[in-house]
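Just so it is clear, the structure is predicted and the values come from calculations on it, not from any experiment. The chains referred to below are lettered A, B, ... by the order of the sequence lines, with proteins before strands, and numbering in each begins at 1.
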There are 2 protein chains.
Amino acid sequence: MSKRGAALELAVLGLLHDAPMHGYELRKQLNSLLGWGRVLSYGTLYPCLKALGKAGYIVATEQKDVPARGRRARIVYKLTAEGKERFTQSLEESGPASWDDDNFGIRFAFFARTASPTRVRILEGRRSRLEDRLESVRLSAQRGRERVDAYTLELQRHGLESVEREVGWLTELIERERSGGYQDPPEDTSKPDTSKPDSSK
Amino acid sequence: MSKRGAALELAVLGLLHDAPMHGYELRKQLNSLLGWGRVLSYGTLYPCLKALGKAGYIVATEQKDVPARGRRARIVYKLTAEGKERFTQSLEESGPASWDDDNFGIRFAFFARTASPTRVRILEGRRSRLEDRLESVRLSAQRGRERVDAYTLELQRHGLESVEREVGWLTELIERERSGGYQDPPEDTSKPDTSKPDSSK
DNA sequence: GTTAGCATGTAAGGAGTTACATGATTTT
DNA sequence: AAAATCATGTAACTCCTTACATGCTAAC
């Protein structure tokens, strides 16, 4: 759970930070958060929840008193104080791990709760990671060792273009970040229920 | 090796079909073929080569007679007749597996050796897979259950845009394919069709 | 009345990574 | 002389998926 698993852990912690939830619901949210084709299985989620429970970051409370007429007792997971601590600490981190392929997406998804300097560091880290990638691919294309038919070329061209766009996107975000943009309210940790004070920039 | 592993198997077979190679070289080629951040480890490659050998698709020949003055004896892998058979058969396949996330890239990389109707089927399959994805994300965004802050929204918007571009790319490729494109370059720039030849089914 | 969705889990296994182990050769 | 690259492998481990096991409720 030290490298990849951190992504799932953070995502679960973050979603439960928003609101307590049961496994089934959590999975749906996770699927749209982790996005794009990836579908998380229960075989991953439930053991992860168990581990987080054992670590003391979450507690499971069974809804047996209010079974809502016939409905199966659902197990609702809730963040502990340690869990909240862990989550906020994780959000402060801005080392290389925070901008690798596996973590960047989740880190970005929680940007609203991340401090602005941290956001910039992560965005820049991600950008230079992608730029390194572009560089090495361009070099190896120039050295021209490999198979070159029209399709291989097209695949390479398309890949290059996609990554270039990604870099452009990141650059825009960084600039917006630097000019105050995206303005978020300075983190709300007290209120358990948010009544949508402000959603548009 | 039945589902995901098929991708690596196909890639190895395809590269060895081009030319016999030793493991180290193979890995480098594989890395640029599988592309983008993915770096294949020896811990995956060598066991795979062993399995392919056991299956009779490749043979390993040690270069002991010509150690090229001091150079460590390299083990060169070569396709057998069965391996060639297997490779060409694999290239004919155009079922759902050929356009999933894990295989599409490799299938595309070997398009130059794939029959044109097969190419079209794979491209169309891939496109409709992505379109399904777009659809479901758009729906869930409309139903609007999830967390909505500026960053989550931006992430979603960007993801949507990327997939849309991908779909556009595929559409272009399909059209080019239908008008003879790529292999034997008729270099047809006239483009007489302003009317849609109907791409959706 | 049967399909689809809700709900919680476990067991087995696959694919791949990291770290280890070893050593020669070329470049800086 | 050191560092990078060439070269081949193995063992342990991790993350995740698939398939299984169970059963209820709502819609069609």
So which nucleotide from [options] ends up closest to the side chain of [X]?
| X | options | value |
| --- | --- | --- |
| A/H22 | C/dT8, D/dG9, D/dA7 | C/dT8 |
| B/K50 | C/dG16, D/dG9, C/dT8 | D/dG9 |
| B/T44 | C/dG16, C/dT8, D/dC16 | C/dG16 |

So CZ of A/R121 and CH2 of A/W99: to nearest 0.5 Å the spacing works out to 9.0 Å
In short, ring-ring contact (aromatic ring centres under 6.0 Å, His included) pairs touching residues 119-142 of chain B with sequence neighbours left out are none
Residues passing the side-chain contact (heavy atoms from CB on, under 4.5 Å) test with A/V137, sequence neighbours excluded, are A/Q156, A/L160, B/W36
Just how far, in rounded Å, is [atom2] of [N] from [atom1] of [X]?
| X | N | atom1 | atom2 | answer |
| --- | --- | --- | --- | --- |
| A/Y24 | D/dT25 | OH | C1' | 12 Å |
| A/L40 | C/dG9 | CG | P | 15 Å |
| A/D102 | D/dC15 | CG | C1' | 10 Å |
| B/L49 | D/dA7 | CG | P | 15 Å |
| B/R27 | D/dA7 | CZ | P | 12 Å |
| B/Y42 | C/dT18 | OH | P | 13 Å |
| B/L26 | D/dG9 | CG | P | 12 Å |
| B/R74 | D/dA7 | CZ | P | 5 Å |

Please table the atom pairs, donor to acceptor, closer than 3.5 Å between any side-chain atom in residues 43-53 of chain A and protein atoms at least two apart or in another chain.
residue, atom, partner, partner atom, Å
A/T44, OG1, A/S41, OG, 3.2

Does A/K28 have a side-chain nitrogen or oxygen under 4.0 Å from the phosphate oxygens OP1 or OP2 of C/dG5?
no
* Less than 4.0 Å between a side-chain N and a carboxylate O, is that true for A/R157 and A/E154? ->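 A salt bridge links A/E154 with A/R157.
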Check every strand shown and say whether A/G23 touches a base, only sugar-phosphate, or nothing at a heavy-atom separation below 4.0 Å.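 The answer is sugar-phosphate, as A/G23 gets under 4.0 Å only of primed atoms, P, OP1 or OP2.
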With sequence neighbours left out, the residues meeting salt bridge (charged side-chain N to carboxylate O under 4.0 Å, His left out) with B/R138 are B/E164
Q) B/W169: what forms a ring pair (Phe, Tyr, Trp, His ring centres under 6.0 Å) with it, not counting sequence neighbours? A)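 Ring pair (Phe, Tyr, Trp, His ring centres under 6.0 Å) check on B/W169 returns A/H158, B/F108.
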Walking DNA chain D from its 5' end, the first of B/Y46 and A/R38 to be reached, judged by nearest nucleotide, is B/Y46
Angle separating the five-pair end axes of the helix from C/dG1-D/dC28 to C/dT28-D/dA1, nearest 10°, is 50°
